[in-house]
Amino acid sequence: MLVIPGQPGKDLCDRNLGVTRRDLLRIGGSGLLGLTLGSMFRLQAQAGDTQAVGRPGWGKAKSIIMCYLQGGPSHLDLWDPKENVPENVRSAFSNISTRLPGVQFTENLPKLAQVNDKFTLIRSMSYTPNGLFNHTAAIYQMMTGYTTDKVSPSGQLEPPNSKDFPNFGSQLVRLRPPTEPMLPFVMLPRPLQESNVVGKGGTAGFLGKAFDPYTLYPDGDDMDMNKMDRIRIDDLQLRPEVFAGRLERRAQLRQLIDAGMPTIEKAVEHYKLDEYYDRALRLVISGRAREAFDLKRESEALRDQYGRNTFGQSCLLARRLVEAGTRVVELIWPKVANSDNHSWDHHVGLTERMKNRSAPMLDAGLTTLIQDLDDRGLLDETLVVAVGEFGRSPQKGVSTSGNGNSADGRDHWPYCYTAVIAGAGVKRGYVHGKSDRTGSAPLEDPVHPGQLLATIYHAFGIDPATVVYNHLNQPRELVKSEAVPQLFA
């Protein structure tokens with residue numbers, strides 16, 4: 001029998017109130033320490049290091065910033081334009097030269113064109129879907145490396161659940177936990193979403209909630225471009241009422257309970273619970289995360305350079321987070337995948353929306369992120385990836401996914417599209433793969449989304465074939481693909 005000495009509730013403002021069952025259940029949890037982060041570090045098993053394979057790029061990355069362009073941007077209207085093609089394929093935008101001879105972008109990316117000597121452009125991303133290929137199913141594949149059989153006739157999936165395959169970020173922080181008292185995995189400024197399916201592919205799934213990302217979703221809708229100025233990080237600081245004396249007494253109370261429960265202690269000795277309590281507490285009291293989230297510490301000029309919009313300021317915050325020790329930052333394009341305005345889902349109004357809304361944000365934000373990381377010496381150990389779930393159809397005004405398209409609109413196209421990858425040993429000023437005359441299919445070196453994920457794992461010194469066990473205790477590889485060593489110098 002467990003006995004807690006002392007008068008029940010004597011430290012409460014209302015002395016007539018005793019310790020409730022809920023209070024007891026919270027003992028030892030982060031809530032009693034003024035935290036909500038303890039669960040993030042609890043129940044994380046030790047990860048065994050895999051043997052280095054010795055290929056280029058192995059283990060060069062310490063962190064990753066994934067700029068996920070949900071919605072699926074048109075490669076033909078950004079970074080793989082075509083000339084001498086039929087009118088219904090040709091982009092409405094003019095081509096411009098870049099830092100690399102013979103490599104052209106469209107006029108939508110004038111800033112990125114001046115730094116493409118710092119990254120690799122993969123112009124041969126490609127996969128053949130099973131059945132319809134709408135956003136959620138494609139997002140799930142890109143973020144987890146796996147497809148699912150629970151696809152509705154519309155191509156959407158069921159909501160997230162504990163049986164899902166984990167997001168690659170969850171796998172990374174499980175296998176390569178951070179060494180600093182810092183948030184290991186942050187997702188911002190909004191969740192992955194198609195219609196009413198929110199967060200699919202963005203959780204730890206069968207790994208458990210301990211490996212879920214810390215989600216930073218500021219108040220405001222997708223059209224609110226100033227929402228990053230209203231970041232709230234209440235759970236990264238001690239609550240005002242948790243003063244030192246109470247904190248100490250609560251710690252002593254947990255110690256009393258631990259001493260009175262030797263059987264339970266023995267049962268959980270391999271979980272290192274004290275380690276995770278300590279990590280959560282160190283994160284809060286260090287102030288490291290709070291400082292990283294404070295964008296006002298940056299100069300007005302640099303903030304302007306990133307772009308005074310949700311994507312630009314999220315890029316700046318991503319840099320600050322990895323600088324402070326965050327392992328994984330997933331920056332989700334700040335618009336529902338299948339929507340209007342600055343969404344990349346350009347079924348209608350592509351010309352105006354691309355030129356005036358989505359492309360300028362991408363151009364300023366991604367360019368400044370790569371340049372800023374490089375200037376600070378962080379690009380050598382930070383992997384930067386910008387990719388969507390697919391590209392857009394070469395022919396305008398045709399339906400490939402069951403959606404309607406305007407005369408200048410392009411539909412979903414997984415058979416050929418483009419990704420940007422930089423840092424952590426990735427080649428600078430390199431174009432990998434080549435699309436055909438109309439951007440319909442790869443001519444050389446196709447890269448499957450699974451291979452891109454395998455390359456990310458490889459950069460962290462993790463064998464993509466590493467086995468994890470799902471909710472049924474069945475062995476599964478991290479991803480059933482191999483890395484692309486040609487991407488590394």
Side-chain angles (χ1 to χ4, degrees), residues 50-69 72-73 75 79-80 100 103 116-129 138-147 165 167-169 171-172 175-176 328 330 366 370 379-391 413-436 439 441-466 477-489:
T50 57
Q51 186 174 2
V53 298
R55 293 192 295 174
W58 177 266
K60 295 284 188 180
K62 291 185 179 179
S63 57
I64 179 173
I65 298 172
M66 165 69 85
C67 296
Y68 192 68
L69 309 179
H75 51 299
W79 30 43
D80 192 12
L100 302 181
V103 177
N116 71 329
D117 57 341
K118 297 180 183 293
F119 60 79
T120 281
L121 196 67
I122 305 174
R123 280 179 164 170
S124 54
M125 294 296 299
S126 178
Y127 65 95
T128 301
I139 289 170
Y140 187 85
Q141 175 183 248
M142 185 69 253
M143 288 298 189
T144 70
Y146 281 76
T147 57
F165 208 87
N167 180 284
F168 77 90
Q171 301 277 31
L172 284 177
L175 295 168
R176 292 290 182 268
V328 180
E330 290 184 15
L366 183 58
I370 293 172
L379 196 59
D380 292 340
E381 57 189 29
T382 303
L383 197 63
V384 178
V385 179
V387 67
E389 58 267 29
F390 38 60
W413 195 259
Y415 308 104
C416 189
Y417 58 109
T418 300
V420 166
I421 181 169
V426 169
K427 290 177 181 175
R428 291 171 176 249
Y430 172 61
V431 178
H432 183 82
K434 180 181 179 180
S435 62
D436 65 13
L443 278 181
E444 302 172 0
D445 301 318
V447 177
H448 189 276
Q451 290 178 279
L452 184 58
L453 286 183
T455 301
I456 292 172
Y457 289 126
H458 175 93
F460 279 87
I462 299 170
D463 187 345
T466 298
E477 294 170 291
L478 289 178
V479 61
K480 296 179 179 179
S481 296
E482 294 185 356
V484 185
Q486 298 94 322
L487 299 177
F488 296 99

Going by the rule side chain to side chain donor-acceptor pair (under 3.5 Å), which residues pair with His448 if we only count those two or more places apart in sequence or in a different chain? none

Is any side-chain heavy atom of Phe168 less than 4.5 Å from a side-chain heavy atom of Glu330? yes

Can you list every side-chain hydrogen bond (donor to acceptor under 3.5 Å, both in side chains) pair that touches residues 477-489, not counting sequence neighbours? none

Quick one: does His432's side chain get under 4.5 Å of Ile421's, heavy atoms only? no

Please enumerate all residues that pass side chain to side chain contact (heavy atoms under 4.5 Å, CB included) together with Asp380, with sequence neighbours excluded. Arg428

Report the residues that fulfil side chain to side chain donor-acceptor pair (under 3.5 Å) with Tyr68, sequence neighbours left out, ordered by chain and then residue number. Glu389

Out of curiosity, Leu478 CG to Phe165 CZ, how far, rounded to the nearest 0.5 Å? 6.5 Å

Report the residues that fulfil salt bridge (Lys or Arg N to Asp or Glu O under 4.0 Å) with Lys60, sequence neighbours left out, ordered by chain and then residue number. none

In Å and rounded to the nearest 0.5 Å, what is the CG to CZ distance from Leu69 to Phe390? 12.0 Å

Heavy atoms, side chains only, cut-off 4.5 Å: are Leu172 and Tyr457 in contact? yes

Any residue meeting side chain to side chain donor-acceptor pair (under 3.5 Å) with Ser435, in chain and number order, not counting sequence neighbours: Asp80, Lys82

Heavy-atom closest contact (Lys427 atom, Thr120 atom, distance): O-OG1, 2.8 Å

Once you measure the plane-to-plane angle for Tyr127 and Tyr417, does it fall in the parallel (<30°), tilted (30-60°) or perpendicular (>60°) bin? perpendicular

